[in-house]
Amino acid sequence: MWRARRAAVACEVCQSLVRHSSGIQRNLPLQKLHLVSRSIYHSHHPALKLQRPQLRTSFQQFSSLTNLSLHKLKLSPIKYGYQPRRNFWPARLAARLLKLRYIILGSAVGGGYTAKKTFDEWKDMIPDLSDYKWIVPDFIWEIDEYIDLEKIRKALPTSEDLAKLAPDLDKLAESFSLLKDFFTTGHKLVSEVIDASGPLLLLVDLTETAFRATDHGSESDKHYRKVSDKEKIDQLQEELLHTQLKYQRILERLEKENKELRKLVLQKDDKGIHHRKLKKSLIDMYSEVLDVLSDYDASYNTQDHLPRVVVVGDQSAGKTSVLEMIAQARIFPRGSGEMMTRSPVKVTLSEGPHHVALFKDSSREFDLTKEEDLAALRHEIELRMRKNVKEGCTVSPETISLNVKGPGLQRMVLVDLPGVINTVTSGMAPDTKETIFSISKAYMQNPNAIILCIQDGSVDAERSIVTDLVSQMDPHGRRTIFVLTKVDLAEKNVASPSRIQQIIEGKLFPMKALGYFAVVTGKGNSSESIEAIREYEEEFFQNSKLLKTSMLKAHQVTTRNLSLAVSDCFWKMVRESVEQQADSFKATRFNLETEWKNNYPRLRELDRNELFEKAKNEILDEVISLSQVTPKHWEEILQQSLWERVSTHVIENIYLPAAQTMNSGTFNTTVDIKLKQWTDKQLPNKAVEVAWETLQEEFSRFMTEPKGKEHDDIFDKLKEAVKEESIKRHKWNDFAEDSLRVIQHNALEDRSITDKQQWDAAIYFMEEALQARLKDTENAIENMIGPDWKKRWLYWKNRTQEQGVHNETKNELEKMLKCNEEHPAYLASDEITTVRKNLESRGVEVDPSLIKDTWHQVYRRHFLKTALNHCNLCRRGFYYYQRHFIDSELECNDVVLFWRIQRMLAITANTLRQQLTNTEVRRLEKNVKEVLEDFAEDGEKKIKLLTGKRVQLAEDLKKVREIQEKLDAFIEALHQEK
């Protein structure tokens with residue numbers, strides 16, 4: 001009995017040991033404990049969650065205490081007397097093996113500690129590599145953007161928290177001491193128990209081994225742990241804070257560099273440096289074919305029969321809303337009862353990662369998920385519609401092309417047409433109704449076009465106009481899909497729901513269709529979103545009697561089912577017709593190429609744009625040739641043109657009035673005054689006008705001059721238009737007149753003739769000017785008095801009565817001049833009366849004004865002849881001029897005047913030539929380039945200026961080739977998709 005009690009006490013002690021070992025606490029960090037000491041702690045403590053794998057040296061895992069069921073231990077009954085000694089060699093062998101394993105474990109722990117100490121010494125010997133941190137990749141320094149180090153630092157346990165998790169070594173030591181004393185004092189009892197039960201021997205051996213390992217490890221490291229744990233934790237926290245601040249500064253620097261690099265990359269992308277070639281989708285390729293076909297003039301009986309979905313319906317029937325539901329965005333302008341669709345809108349739907357829209361002729365993308373971009377898109381569509389509509393019209397046949405991409409969109413091409421109207425209201429053009437009908441018929445008469453007929457379900461079906469139009473275009477209903485909108489209102493307002501069923505089944509209309517659908521396009525609020533409309537539509541049909549009573553089938557309702565059906569029908573029609581259309585364009589291309597070879601065998605096929613580029617290069621070459629004109633040629637032309645412009649003023653207003661004076665002083669004074677006035681007011685302006693006209697004449701000469709065999713008359717209209725527009729835009733430099741005024745004034749002030757050569761040149765210039773005036777005067781007198789007796793006899797011409805009067809008056813005035821050759825330039829009143837009476841005595845009635853007019857020409861001829869005689873006398877007057885005409889009856893001041901005029905003309909021509917070659921020719925070349933650039937952007941201008949059969953044939957040939965190439969590429973992609 002006593003042995004049983006002692007065994008029970010031993011079991012209780014072991015159980016207490018197990019309980020104490022699972023709940024021991026001590027204020028020491030778990031990381032600083034010795035491995036053997038750490039292994040004694042309970043491995044399944046709820047607060048101990050270490051990421052590293054648990055060591056297989058724990059007391060619990062390798063102790064037989066965890067495997068023994070002590071409370072079920074049964075002691076063998078004691079038998080007195082001689083008992084043979086039992087052989088427990090398997091138990092002794094297991095005990096020796098366990099001792100050996102713990103010895104190996106202790107050696108490993110000691111070796112690990114020694115290795116750690118050696119590693120710390122090596123770490124201190126490693127040099128500081130902070131100066132080489134630039135070697136580390138840049139993305140390492142961006143960790144702070146994705147990992148919040150501050151939160152991690154706060155989430156880490158403090159030294160107090162770690163101490164709470166550490167095991168209580170004092171309590172553990174007390175428990176092991178108690179167990180050791182117990183086994184020491186009761187060694188005999190334990191031996192007897194071991195004799196009775198072999199497994200307890202394992203417990204004793206394991207306990208002794210654990211005591212030795214614990215005493216050896218704890219006493220050597222206890223002081224080190226207590227001193228260094230808190231310091232290491234503080235050091236780690238300080239290093240963590242320092243590292244975080246360092247990363248923060250690095251990340252700020254990298255963020256700034258990243259912004260600059262991103263800006264640089266975007267700029268390169270805008271310049272087209274880094275554009276990647278993306279493979280076009282099938283629907284985009286097909287849309288491009290339709291865009292080219294829309295601009296193609298259908299010659300040679302090649303019609304556009306490619307499929308597209310044509311959306312037609314009465315005005316305000318909801319066709320635009322249906323199209324918006326299919327496109328999943330409110331993209332069209334809206335108005336209450338007002339016509340908003342004023343021109344066809346071609347919408348190409350395709351699938352893409354982002355919901356965006358863009359026009360064919362623009363690179364701007366509208367984000368359809370943002371209300372600002374949606375409003376801007378609706379405004380842009382409205383502006384384009386109003387721009388297409390010509391003055392005096394309400395609608396336009398010109399098409400607006402729009403591409404819409406987004407996730408889940410069905411791929412197809414739809415054309416939204418203006419709503420069909422029954423009555424033309426105020427503000428509309430009188431032909432609006434007929435124009436809408438013609439536009440609708442033009443799209444629906446395509447045998448491969450899918451007609452999406454939209455009918456308003458909230459109004460009486462008998463009021464519909466579009467159903468009759470659709471039945472005319474597609475009487476058998478092979479390509480028509482009927483859509484009934486506003487079914488929610490129809491269900492409320494219609495007394496008999498079976499009427500809606502009749503409409504859906506097509507029993508109320510003469511038209512036939514491939515399919516019939518019923519949709520709901522919202523509650524009538526223009527601000528509703530697509531998601532709200534879709535939810536309302538699905539909710540309505542879920543609760544609708546039309547579905548519950550089987551009047552409608554599930555596949556006939558909602559715009560989603562409608563878009564799927566339309567897309568399937570569209571692609572089926574495309575696959576059936578696209579190859580036939582491609583074959584027709586191949587035949588058209590062959591006909592066009594044959595016609596070109598027969599008519600223009602030696603000319604390249606240049607379309608209108610290519611011809612314009614060729615003409616542009618020729619025009620620029622001709623403008624550049626202006627700079628090759630020699631200075632001598634410029635000055636000769638300018639001097640001659642300027643004298644022709646000012647000669648009348650010089651002779652009539654300066655020379656003749658001054659020549660009427662009596663002495664040289666008065667002559668020079670009069671000349672100086674009149675030259676000063678002329679220079680200040682008229683001469684610079686006249687010179688600039690002459691220079692500008694000369695530049696125009698030279699430019700026109702180069703533009704219109706034939707180039708021999710290389711000349712192509714197809715460019716003549718374009719060159720003339722460019723010349724006129726460039727001249728119209730060109731303006732002479734405003735400061736030219738001011739500089740010319742100073743130069744001309746100084747030239748006219750100079751009276752010094754340095755040599756005889758200049759004197760003779762002045763006389764020659766004067767003689768030419770006077771002879772030209774004398775010739776003009778004689779021609780005027782001849783026209784006044786009629787033909788002389790030679791012409792009357794030779795050419796059988798007679799004088800008129802008026803010419804006879806002028807002739808008699810001329811003869812009478814010439815008699816007066818013969819009597820007084822120094823007569824002044826004007827007749828006195830008594831002289832006029834005398835001449836009139838003399839003529840009346842001979843039976844010639846004459847008016848005083850006629851006498852004055854005749855006197856002007858007669859006296860002018862007399863004066864010019866006298867001046868020419870005086871000019872001949874002055875040929876030998878250079879000697880007297882050098883002596884200032886002292887002691888000489890010969891005065892040649894008029895020669896000096898013409899020398900001053902001649903010198904002014906030469907200096908002015910030289911100045912204008914410099915302005916032309918240095919400034920104005922370049923400015924004219926710039927204007928020509930601007931005009932050509934404007935013409936290049938104006939398609940209508942090019943069509944107007946480059947005309948002819950050759951141009952039109954090349955245009956058609958280019959478009960047909962482009963259409964055929966795009967169709968072939970589309971067919972190839974279509975086969976690959978199959």
Side-chain angles (χ1 to χ4, degrees), residues 292 295-300 302 588-630 633-634 637 641 692-730 916-917 920-963:
V292 176
D295 299 332
Y296 175 64
D297 186 11
S299 303
Y300 303 95
T302 305
T588 303
R589 175 178 177 177
F590 176 78
N591 295 336
L592 291 173
E593 289 178 345
T594 303
E595 184 177 358
W596 182 274
K597 290 178 181 178
N598 293 331
N599 293 320
Y600 311 103
R602 298 183 180 180
L603 294 178
R604 287 192 302 123
E605 300 170 5
L606 299 179
D607 60 6
R608 186 171 279 109
N609 292 329
E610 293 171 341
L611 287 172
F612 182 83
E613 290 298 323
K614 182 178 179 181
K616 177 181 177 181
N617 294 331
E618 288 188 8
I619 293 172
L620 292 177
D621 292 341
E622 291 165 359
V623 174
I624 293 175
S625 62
L626 282 174
S627 59
Q628 300 176 359
V629 178
T630 60
H633 179 72
W634 278 120
I637 296 175
S641 301
W692 176 220
E693 291 176 359
T694 304
L695 180 60
Q696 293 181 34
E697 291 174 359
E698 290 297 309
F699 179 56
S700 300
R701 182 173 65 84
F702 281 108
M703 292 284 288
T704 58
E705 188 177 31
K707 304 297 186 299
K709 294 182 179 180
E710 298 179 359
H711 179 70
D712 195 346
D713 56 357
I714 202 171
F715 300 144
D716 292 345
K717 292 175 65 176
L718 177 61
K719 291 182 178 181
E720 185 66 23
V722 171
K723 182 193 72 173
E724 293 178 357
E725 185 65 23
S726 302
I727 291 173
K728 186 186 300 182
R729 295 186 184 185
H730 185 79
L916 281 171
T917 55
E920 301 304 326
V921 172
R922 296 179 183 177
R923 292 178 64 230
L924 179 62
E925 182 180 356
K926 181 180 178 182
N927 290 337
V928 172
K929 290 181 179 180
E930 292 178 355
V931 171
L932 289 172
E933 290 176 359
D934 294 342
F935 284 5
E937 297 176 358
D938 192 348
E940 295 182 357
K941 184 76 72 175
K942 288 192 288 187
I943 293 174
K944 181 180 178 181
L945 297 176
L946 293 173
T947 58
K949 180 181 178 181
R950 174 179 138 201
V951 181
Q952 191 60 43
L953 186 59
E955 283 285 307
D956 293 340
L957 190 54
K958 175 190 174 184
K959 289 180 180 179
V960 170
R961 283 175 177 168
E962 183 180 3
I963 293 170

Check [X] against [Y] and note the closest heavy-atom contact, atom names and distance.
X: His633; Y: Ile637; result: NE2-CD1, 2.7 Å
X: Leu957; Y: Arg589; result: CD1-O, 4.1 Å
X: Leu606; Y: Ala954; result: O-CB, 3.1 Å
X: Trp596; Y: Leu603; result: NE1-O, 3.3 Å
X: Phe699; Y: Lys723; result: CE2-CG, 3.5 Å
X: Val722; Y: Val928; result: CG1-CG1, 4.0 Å

From [X] [atom1] over to [Y] [atom2], what is the distance, rounded to the nearest 0.5 angstrom?
X: Leu916; Y: Thr694; atom1: CG; atom2: OG1; value: 7.5 Å
X: Asp716; Y: Leu945; atom1: CG; atom2: CG; value: 11.5 Å
X: Arg701; Y: Glu622; atom1: CZ; atom2: CD; value: 11.5 Å
X: Gln952; Y: Arg608; atom1: CD; atom2: CZ; value: 6.0 Å
X: Ile727; Y: Leu924; atom1: CD1; atom2: CG; value: 7.5 Å
X: Glu725; Y: Leu932; atom1: CD; atom2: CG; value: 10.5 Å

Would you say CZ of Arg922 has more than 12 non-hydrogen atoms from neighbouring residues, nucleotides or ligands within 6.0 angstrom?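 At most 12 heavy atoms, drawn from other residues, nucleotides or ligands, come within 6.0 Å of this atom.
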
Just checking, is any N or O donor in the side chain of Glu920 or His730 under 3.5 Å from an acceptor N or O on the other one? yes

Classify the side-chain pair Glu613/Asn617 by whether it contains a donor and acceptor separated by less than 3.5 Å. no

Derivation and outcome, side-chain contact (heavy atoms from CB on, under 4.5 Å), residues Ile619 and Phe702: CA-CA 9 Å; Ile619 293 172; Phe702 281 108; over 6 Å; no

Check ion pair [X]-[Y] (N to O, under 4.0 angstrom):
X: Glu933; Y: Lys929; value: no
X: Arg729; Y: Asp934; value: yes
X: Lys958; Y: Glu955; value: no

Between Trp634 and Glu698, is a side-chain contact (heavy atoms from CB on, under 4.5 Å) present by the stated rule, with each step listed? CA-CA 10 Å; Trp634 278 120; Glu698 290 297 309; 3.7 Å; yes

Any side-chain heavy atom of Thr588 within less than 4.5 Å of one from Asp956? no

Side chains of Phe715 and Leu611: does their closest heavy-atom pair fall under 4.5 Å? yes

Evaluate Phe612 against Lys941 for side-chain contact (heavy atoms from CB on, under 4.5 Å), listing each step before the verdict. CA-CA 11 Å; Phe612 182 83; Lys941 184 76 72 175; over 6 Å; no

So, the side chain of Lys942 versus the backbone of Ala936: is there a donor-acceptor pair under 3.5 Å, distance only?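 Yes, Lys942 side chain to Ala936 backbone: donor-acceptor pair under 3.5 Å.
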
For the backbone of Glu697 and the side chain of Ser700, can you confirm whether one donor and one acceptor N or O come within less than 3.5 Å of each other? no

So Glu610 and Arg604, side-chain contact (heavy atoms from CB on, under 4.5 Å) or not? Walk me through it. CA-CA 10 Å; Glu610 293 171 341; Arg604 287 192 302 123; 5.9 Å; no

